[in-house]
Amino acid sequence: MHLLIGERRLELARGDITTERVDAIGNAANAALRGGGGVDGAIHRAAGPGLLDELRRRYPDGTPTGTAVATEGHGLPARWVLHAVGPVWRGGGHGEAELLAGAYRSSLALADELGARTVAFPAISMGIYGYPPDEGARVALRSVADHLRGSTGVELVRFTLFSDDTFQVFEEALAELA
Ligand code: AR6
């Protein structure tokens, strides 16, 4: 399933983001940027120890929630990793939507700085951080669609979704957006 925005494409896929052959993959990181569970753990395992070394060296203080930093892809097929920090869901009244949108926006701003044309994202905050799936998918898709409507070198954004349930929720949200 996909949405065309001019010449640019926003698409949904099921799969494991660590195998994506795109210029940059997003990571659902934490503010300390020291690895963790979920997709973050999978990305660190697939990239190898050089990823953590680079994060420690370049970002010793981590990065705030709602922002992102970039590293090389190390052992991954992707050239870069955009480490985005989404919010922990605390009921919705703590700026969660704006922080989640910020995680995607910052990642795509970095993609533009790096010259990445193809980007794949996981469903940031929608695992361990507990963001409700339908609201999370809507925020994610809207943030990316807004970026693709603006002035950007990014030509393709793919949401690479690990579970059937998450994929279905994104499908419904994309149908609403289209
Ligand atoms: N490829 C694509 N998506 C995946 C993969 C994968 N290989 N593995 C899991 N997912 P989560 P969060 C999905 O928990 O909620 C870490 O400890 C997963 O099914 O990885 O932002 C960090 O260090 C879910 O839909 O990220 C932070 O401390 C989505 O990725 C914290 O977890 C996000 O789930 C971040 O929590």
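Just follow the structure's listing: the first ligand is 1, and inside any ligand the first atom is 1. Predicted, not measured: the structure shown is a model, and the values here were computed from it. All residue numbers refer to positions in the sequence shown, counting from 1.
Glu54 pairs in a side-chain hydrogen bond (donor to acceptor under 3.5 Å, both in side chains) with only one of the listed residues (Arg57, Arg56, Arg58), which is Arg58.
Tyr129 shares a hydrophobic cluster with Val88, Ile128; the chain of contacts runs through ILVMFWY side chains whose heavy atoms sit under 4.5 Å apart.
Ranking protein heavy atoms by distance to atom 19 (O) of ligand 1, first place goes to Phe162 CB, 3.9 Å. Ranking protein heavy atoms by distance to atom 26 (O) of ligand 1, first place goes to Ala28 CB, 3.5 Å. Distance from atom 21 (O) of ligand 1 to its nearest protein heavy atom, with residue and atom name: Ser125 N, 2.8 Å. Looking only at heavy atoms of the protein, atom 31 (C) of ligand 1 is closest to Tyr129 CE1, 3.5 Å. The protein heavy-atom contact nearest to atom 17 (O) of ligand 1 is Gly37 N, 2.7 Å. Looking at atom 7 (N) of ligand 1, its nearest protein heavy atom turns out to be Asp16 OD1, 2.9 Å. Nearest protein heavy-atom contact of atom 1 (N) of ligand 1 is Ile17 N, 3.0 Å. Considering only non-hydrogen protein atoms, atom 32 (O) of ligand 1 sits nearest to Ile128 CD1, 3.3 Å.
We find the CD1-OG distance between Ile25 and Ser107 to be 11.5 Å, quoted to the nearest 0.5 Å. The distance from atom OG of Ser106 to atom NE2 of His83, rounded to the nearest 0.5 Å, is 13.5 Å. Atom-to-atom distance recorded for Arg79:CZ and Leu114:CG is 8.0 Å, nearest 0.5 angstrom.
Between Ala123 and ligand 1, not a single N/O pair is under 3.5 Å apart. Between Thr18 and ligand 1, no pair of N/O atoms sits closer than 3.5 Å. In terms of N/O distances under 3.5 Å, ligand 1 is not approached by Leu161.
Between Phe159 and Phe170, the ring-plane angle classifies as tilted under the 30° and 60° cut-offs.
For ligand 1, the atoms lying closer than 4.0 Å to a non-hydrogen atom of Gly36 are 17 (O), 23 (O). Annotation for ligand 1: atoms under 4.0 Å from non-hydrogen atoms of Asp40 are 22 (C), 23 (O). Less than 4.0 angstrom separates some heavy atom of Gly38 from each of these atoms of ligand 1: 20 (O).
Contacts between Thr160 and ligand 1 below 4.0 angstrom, taking non-hydrogen atoms only, involve the backbone exclusively.
A donor-acceptor pair under 3.5 Å is formed between the side chain of Asn30 and the backbone N or O of Gly35.
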Derivation of the salt bridge (charged side-chain N to carboxylate O under 4.0 Å, His left out) call for Glu176 and Arg142:
CA-CA 10 Å; Glu176 260 175 44; Arg142 215 183 305 126; over 6 Å; no
Would Asp23 and Val119 count as a side chain to side chain contact (heavy atoms under 4.5 Å, CB included) here? Give the steps.
CA-CA 6 Å; Asp23 294 337; Val119 179; 5.9 Å; no
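No side-chain N or O of Asp53 forms a donor-acceptor pair with one of His74 less than 3.5 Å apart.
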